[in-house]
Protein chains: 2
Amino acid sequence: MLKLTKLKADSSTEQKIRDAAKEVFIAKGFSGCTSREIAKAAGMNVALVNYYFRSKTALFKIIFEAAMGDFLLSMLDVFNTDLPLEEKLRNYLDREYEFLAKYPEIPSFIINEMGRKDGVHIDNTAVFECIEHTGIFAECKVEQAAGRMREIDITSITVLMMSNCQFPFMAAAVIKQVHGISDEQYEKQLVQHKQIVTDMLIGYLFPGSISNQKTQK
Amino acid sequence: MLKLTKLKADSSTEQKIRDAAKEVFIAKGFSGCTSREIAKAAGMNVALVNYYFRSKTALFKIIFEAAMGDFLLSMLDVFNTDLPLEEKLRNYLDREYEFLAKYPEIPSFIINEMGRKDGVHIDNTAVFECIEHTGIFAECKVEQAAGRMREIDITSITVLMMSNCQFPFMAAAVIKQVHGISDEQYEKQLVQHKQIVTDMLIGYLFPGSISNQKTQK
DNA sequence: AGCAATTTTAAACAAACGTTTAAAACAGAG
DNA sequence: CTCTGTTTTAAACGTTTGTTTAAAATTGCT
């Protein structure tokens, strides 16, 4: 055999570094952590980080794109169902809060790193068309034309959804400090905030819907 | 005279460093920039940063608290008017979008730095009571008791407001890249998004208000 | 002018950074 | 066991980091 010994390598060490890097990068950002910190978190020597992944920058790109992917995947398979639009959006909100409860730091991570002057740049067409391919946008336009959905451009709809899902997790530290509430209290807060957000968004986007006639409280 | 010469010092150099630090810190965060970068932005020698402000950390605290103050002040004098609550919230949304158009990076800055494990910690009671002292929360409870405002806890109300104001500015880079729109296009987007947010929030918080009967576009 | 205090500078400091090296430890095949 | 390629280690690399130093320039006062 020529060089098939290489195939077994990708299990332990490389994956441990990848996992540690994911945790550290997402928690602290690219410039907020060091190669040695990642190595230590993985229980490895510093040199191994560059042995498996050429450089800190190269490793970061891998982690970032994976995070971006996880985030996208979570929304895509909600949109790929064939429920009515309103139910799809309800499910999206459910899923989003569920995802964010599990990975609350990912939106900050993506937003910060993409906002940096010298930050990462994604293939914009890929992400957008990935979502558009689910037909969700077309579906919105159909509902809007039928008068069942409020006439708002797609961009604003997505910003409304993202704002009300992601911000409560991104600003958790500030909100907890300002309102002087504990971690457990804020978790409960988030549960009821999800309900409020759902009521508000569905009520606003589908003004005539039967599901929000006198559903206040 | 003993040592009154010191009084004139605070005009030029010190202020230039402060201004440069504000710009650089807010744009890149504490760990995203260096002392030398700040000095260069101010056109000064590195040592002067530590001559006027003991350390990078000390300078950062000053900048952070100033940013926090600016942000608070902007909302406080809206709440200190004696307009009806609904008008107050409308004005708040106006002011917030105006402020954020001018300083779009401040929310990210505050949220990121306060979210860091070893990040800055504010005097939580100070900020909260500063807002409470305007009577805005009491006013909400009065309106809620009178059945004119939806029964939602104060925390959720503030989170709703902040989410829909701050997030569109914080995530600007991501949204622009994903939707493939230019800076100018996104500015227009924000103008109409403000209107949408206002309609939605007012409509949700004051369900019976005359100002949102059939105001859909 | 001359003097004392303040402000600015260039240089240096140790520590930490990302990255590379060269040798050691390990694995599998003959 | 030996040999070969892969994985891991400790050490060092040249920079850059925040900070300090000590000398130079500047200022304000008499």
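A, B, ... follow the sequence lines: proteins, then strands. Residue 1 opens every chain.
Between the CD1 atom of A:Ile17 and the P atom of D:dT9 there is a distance of 10 Å, given to the nearest Å. The CZ-P distance, from B:Phe53 to C:dT8, rounds to 12 Å in whole Å. Going from atom CE of B:Met44 over to atom P of D:dT26 covers 14 Å, rounded to whole Å. The interatomic distance linking A:Phe60 (CZ) with C:dG18 (C1') rounds to 16 Å, in whole Å. Nucleotide D:dG18 holds its P atom 16 Å from the CG atom of B:Leu48, rounded to whole Å. Nucleotide C:dT7 holds its C1' atom 13 Å from the NZ atom of B:Lys16, rounded to whole Å. Residue A:Lys40 contributes atom NZ, which lies 16 Å from atom C1' of D:dT9 at whole-angstrom precision. B:Glu37 places its CD atom 12 Å from the C1' atom of D:dT17, with the value rounded to the nearest Å.
Rounding to the nearest 0.5 angstrom, the gap separating the CD1 atom in A:Ile196 from the CG atom in A:Leu190 is 11.0 Å. Interatomic distance, CD of B:Gln189 versus NZ of B:Lys194, reported as 14.5 Å (0.5 Å rounding). Interatomic distance, B:His179 NE2 to A:Asp153 CG, rounded to the nearest 0.5 Å: 8.5 Å. Here the OH-CD distance, from B:Tyr97 to B:Gln166, works out to 10.0 Å after rounding to the nearest 0.5 Å. With rounding to the nearest 0.5 Å, the separation of CZ in B:Phe99 from SG in B:Cys165 is 12.0 Å. Rounding to the nearest 0.5 Å places CE of A:Met75 at 5.0 Å from CD1 of A:Ile131.
Every stem involving DNA chain C, taken as at least 3 paired positions in a row under the Watson-Crick or G-U wobble test at 3.5 Å, is listed here: C:1-12 with D:19-30, C:14-16 with D:15-17, C:18-30 with D:1-13.
Between A:Thr13 and D:dT8 there is a side-chain N or O to OP1 or OP2 distance below 4.0 Å. Distances shown here put every side-chain N or O of B:Thr34 at or beyond 4.0 Å from the OP1 or OP2 atom of D:dT16.
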**Message:** If you apply the rule side-chain hydrogen bond (donor to acceptor under 3.5 Å, both in side chains), what do you find for A:Asn91 with A:Glu87, and how did you get there?
**Reply:** CA-CA 6 Å; A:Asn91 282 359; A:Glu87 283 313 305; 5.7 Å; no

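Using a 30° and 60° split on the angle between ring planes, B:Phe25 and B:Phe30 fall in the parallel class, below 30°.
The main-chain N or O of B:Phe71 is never found under 3.5 Å from a side-chain atom of B:Ser74 such that the two would form a donor-acceptor pair.
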**Fill in**
Nucleotide by nucleotide, nucleotides 19-26 of chain C touches protein heavy atoms under 4.0 Å in the pattern (B base, S sugar-phosphate only, - none) BBB-----

